[in-house]
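Quick one: structure below, then a few questions.
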Amino acid sequence: MTEQNVAVPDPAEDLPEQMRVRRSKRDRMLAEGVSPYPVTVPRTATLKQVREQYADLPMDAATGDHVSITGRVIFVRNGGKLCFVTLRDGDGTELQAMLSLAKVGEPSLTDWKQLADLGDLISVTGEVITSRRGELSVLADSWAMSAKALRPLPVAHKPLSEETRVRQRYVDLIVRPQARDTVRTRATVVRSLRESLFRRNYLEVETPMLQLLHGGAAARPFVTHSNALDTDLYLRIAPELFLKRAVVGGIDRVFEINRNFRNEGMDSTHSPEFAMLEAYEAYADYNVMQRQVREWIQEAAIAVAGSHIVTHYDGTELDLSGEWTSVTLYGSLSAALGEEVTPSTDIAQLLRYAEKHDLSVDPKWGPGKLVEELFEHLVQHTLQAPTFVRDYPEETAPLTRAHRETPGLTEKWDLYVSGFELATAYSELVDPVVQRERLVAQSLLAAGGDPEAMQLDEDFLRAMEYGMPPTGGMGMGIDRLLMALTGLGIRETILFPLVRPE
RNA sequence: GCGCCGCUGGCUCAACUGGUAGAGCAACGGACUCUUAAUCCGUGGGUUCGGGGUUCGAAUCCCCGGCGGCGCACCA
C-alpha cells in the first residue's frame, strides 16, 4: 500500500482514444444537466410504422404529421446547417432523420454535432417529410439522447471477423442483418415444432437436467456437485430415460424440447450444449415416427420458407418435399462397397473392407460398430437429400427393440440431410428383462473404463417392469434442423455459443 | 487430445530476403441547408496476443504459453 505504483488506476486512463472521447461526451452531458441514459424518451411510432404509413409519399413532400421515433444511429452525414442521420430499429427497419438549423436551433444542432456518435440510441421528434431526393425522413423539431454508446461500432461495410461475431453476438446483431434473421428463424422453427406436436396431441414436459445417473445415449457427461445431497450429479446427455418413465405412467404422447450437454469435441456440427426434441408415442413404432418426423420437418420448412424447398444463405436450394428416400444401413453400405454385407458378415471380412478403404479401426469394435463406421466413412457424406437409413445392428443400439424380421438387427433409423445426422428414431425396447441384459452389458463396459457407456439405472428398469406399451421414440437436434434449413454452421444457429474465456 | 495456418490502431487489412509500422473506414479540428459507403482541408491515435531468445537492429527468425480457424480423433 505504501508503494507509489499501487495507486488504483483511473479506469478511463488506459482506454483507447475513441472510448475516452465518448466518455467525455457523456461527462459533458451530465455536466450540462442532461442525462445520457434517460428513463424515457419521446416515442410515438416505430420506424416500421412510419415506413408503412408513408410508403407512397412523393419527392419533396411535407405531411404536417409529427411523430417521435427512436433508433440506433448507424450512419451520419453532417453539414453546416443541415444534418442527416440514418436510424435503425431492432427489426432492421431503417429511417432517415434530418436536423436543420432552422428547425432545431443553434444550440441543439451544435449539441448534435458534438455529442452524438455512430452507435448511439436517440429519439427524434418532428414532421414526416420526404427529402428533395425522395428519401422518407423525419425533419426534427428536437432530438434527445436515449442511450449514449461508449464503444465505437465496427466499420459497417466490412464483415466482422468470425471470432468477434461469436464472442460479441450483441455487436453482430447490431451490424449484421443475417444474425438477426437467424434468431427469428430459430424461434419460428421451435414454435413450428411445438405446434406440430400439439396438433397431434403430444404433451410437452420437462425432465431433469441434473441427474444422478447419465443415460439414454452414448456420450461423455459433464459432472457437477450437489452440496445438499453431497453427491456428484451429471448434466443430462439425453432425456430419454425420463420420457420413457412418463410413457410407463400413461403419458402416451409426450415430448420435450430442451438442452442436452455432452462433454465432447466442438466443431462445425457439435456444440457442448445443444437443443434437442425427443418425442415418444405409445402404440407407435419407428415407421410411424418416420412419417411424423418428415411431416414435422416439412411443416417447419413451410413456417420459415413458405415451401418444402428451402434456400440456404449461400443460395443453394434443399428440396425437402415428397416422401424422402429410405434405405437400409446394410443395403447402402453394400452398394457403396460393391460387396454384399449382412448382419452375418464376419468381422475378418469387415476388417478387410476397412483396410481397403483406409478406415482406421479400434480393436475394441465389434462387427456392428465396424459396419456403422464403414457407413459413416463411405456413405454418410453422400446423403445430401433427406434420407432415412434403417435397421441398425443390435450391438450399437442398447435401447432399441429387436427387428421384427431380421435377427441381429434393431428397428432404428437415422435421418441424414446435407451429409449430417439430423434425427433418429426407434421402436423402443420395452422388455424389462432384455433391457436389463443390455444395460448390464453397458455397465460392464463402464466398469471396463469406457466412460461413454451407460450406467445401470435401476429405477428406470423398475419403471419398465411395471409394463411399458410398445412405443415409437425419436430425437432430433434443433440446432441441426436449423443448419439443414439455413445452411449455417452450428455456432451461427446458437445465439450465444460457448467460447473459450478471453 | 493431435497436426497445419493465423493473431498488427476502435473495425477490416497492408508492410519483399530482418532495416524508421501504413491504408480505408471510424475519431478529433475546420468548411458545407438535400445527404444517403456524402464531399473538401487539416490532425491525432500502436506494448504488432503475452513471455523469453538470436541479432548492431525483430511485426518479420527461434522457443514457451494464450486465443482463433481448418483438418483428424470422439460424438449428434
Side-chain angles (χ1 to χ4, degrees), chain A residues 14-22 24-25 59-60 74-87 94-104 109 113-114 117-119 129-137 139 149-168 171 175 216-221 237-238 260-278 358-360 362 372-373 376-377 380 396 414-417 420-424 450-452 475-481 483 489-491 499-502:
Chain A
D14 230 19
L15 291 174
E17 178 202 14
Q18 298 198 36
M19 289 182 58
R20 285 199 309 271
V21 168
R22 284 168 182 250
S24 76
K25 290 176 179 178
M59 285 167 70
D60 205 9
I74 58 159
F75 185 38
V76 168
R77 287 134 276 147
N78 283 346
K81 293 170 183 151
L82 181 63
C83 301
F84 298 88
V85 52
T86 305
L87 299 182
E94 295 177 6
L95 188 65
Q96 174 170 280
M98 297 162 64
L99 296 97
S100 73
L101 180 64
K103 288 280 182 186
V104 301
L109 193 66
K113 291 189 207 175
Q114 294 189 343
D117 284 302
L118 249 39
I129 63 160
T130 51
S131 71
R132 282 177 206 159
R133 297 279 170 85
E135 180 81 29
L136 183 63
S137 308
L139 179 59
L150 296 184
R151 289 177 183 267
L153 241 33
V155 56
H157 298 278
K158 297 272 186 176
L160 268 186
S161 70
E162 175 87 14
E163 186 176 357
T164 307
R165 278 205 234 164
V166 171
R167 283 193 188 275
Q168 298 179 237
V171 176
V175 300
R220 288 176 162 80
I237 56 174
N260 290 342
F261 306 87
R262 298 191 184 176
N263 204 346
E264 286 168 345
M266 302 164 64
D267 61 31
S268 63
T269 59
H270 295 84
S271 170
E273 53 177 314
F274 62 102
M276 183 107 166
L277 162 67
E278 281 203 16
D358 293 324
L359 176 68
S360 53
D362 186 326
E372 270 194 56
E373 291 289 334
E376 284 169 22
H377 189 65
Q380 174 173 341
T396 58
D414 279 354
L415 171 63
Y416 287 87
V417 179
F420 60 81
E421 186 187 338
L422 175 57
T424 188
D450 180 357
E452 290 172 19
M476 174 162 61
I478 302 290
D479 319 279
R480 291 202 168 178
L481 178 55
M483 291 163 63
I490 198 166
R491 281 192 343 288
V499 287
R500 264 180 227 273
E502 286 178 84

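Each chain gets a letter, A, B and so on, in the order its sequence line appears, and its residues count up from 1.
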Is the backbone of A/G80 close enough, under 3.5 Å, to the side chain of A/K113 for a donor and an acceptor to pair up by distance?
yes

Can you tell me if A/S271 uses its side chain to pair, donor with acceptor, with the backbone of A/E273 under 3.5 Å?
yes

P-based separation of B/A14 from B/U55 [nearest Å]:
31 Å

Write down the partner of B/U60 under the Watson-Crick or G-U wobble criteria, each distance required to be under 3.5 Å.
none

Nearest-Å distance once atom P is located in both B/G24 and B/U39:
12 Å

A/E376 or A/R132, whichever maps to the more 5' nucleotide of RNA chain B:
A/R132

Classify A/M98 by what it touches in the nucleic acid, base, sugar-phosphate, or nothing, heavy-atom distance under 4.0 Å.
base

Take atom P in B/U17 and the same atom in B/C62, then report the distance between them in whole Å.
13 Å

Base-pairing assignment for B/U47 (Watson-Crick or G-U wobble, both under 3.5 Å)
none

If you compare every side-chain N and O of A/K113 against the phosphate oxygens of B/G29 (OP1, OP2), does one of them come in below 4.0 Å?
no

Is the backbone of A/I237 close enough, under 3.5 Å, to the side chain of A/R262 for a donor and an acceptor to pair up by distance?
yes

Tell me what A/E421 touches on the nucleic acid: a base, only sugar-phosphate, or nothing, going by heavy atoms under 4.0 Å.
sugar-phosphate

Could you check whether A/A423 gets within reach of a base, just the sugar-phosphate, or nothing at all, counting any heavy atom under 4.0 Å?
nothing

Mind checking A/G79 for me? I need base, sugar-phosphate or nothing, with any heavy atom below 4.0 Å counting as a touch.
base

Do you know which two heavy atoms are closest between A/Q114 and A/K25, and how far apart they sit?
O-CE, 3.1 Å

B/G44 to B/C2 separation - C1' atoms, rounded to the nearest Å:
47 Å

Nearest-nucleotide check on RNA chain B, A/S271 vs A/Q18; residue mapping nearer the 5' end is A/Q18

So does A/A275 get a backbone contact from the side chain of A/D479, meaning a donor-acceptor N/O pair under 3.5 Å?
yes

What is the base-pairing partner of B/G24, counting Watson-Crick and G-U wobble geometry with both distances under 3.5 Å?
B/C11

Across the strands shown, which category fits A/S131 at heavy-atom distances under 4.0 angstrom: base, sugar-phosphate, nothing?
base

For nucleotides 5-7 of chain B, which of its nitrogen or oxygen atoms have a protein nitrogen or oxygen under 3.5 Å away, and what is each distance?
none

Taking the C1' atom in each of B/C5 and B/G30, what is the distance between them to the nearest angstrom?
46 Å

Check whether any side-chain N or O of A/R262 sits under 4.0 Å from OP1 or OP2 of B/C74, and answer yes or no.
no

Is the phosphate of B/G69 approached by A/R491 (side-chain N or O, under 4.0 Å from OP1 or OP2)?
yes

The Watson-Crick or G-U wobble partner of B/G29, with both key distances under 3.5 Å, is B/C41

Any stacking of A/F420 on B/A76, going by centres under 5.5 angstrom and planes within less than 30 degrees?
no

Under 4.0 Å, counting only non-hydrogen atoms across every strand here, what does A/D479 touch: a base, just sugar-phosphate, or nothing?
nothing

Does B/G71 have a Watson-Crick or wobble partner in any strand here, with both distances under 3.5 angstrom, and which is it?
B/C2

What contact category does A/R165 fall into here, base, sugar-phosphate, or nothing, at under 4.0 angstrom with non-hydrogen atoms?
nothing

Name the one of A/R77, A/E94, A/E135 that satisfies side chain to side chain donor-acceptor pair (under 3.5 Å) with A/T86?
A/R77

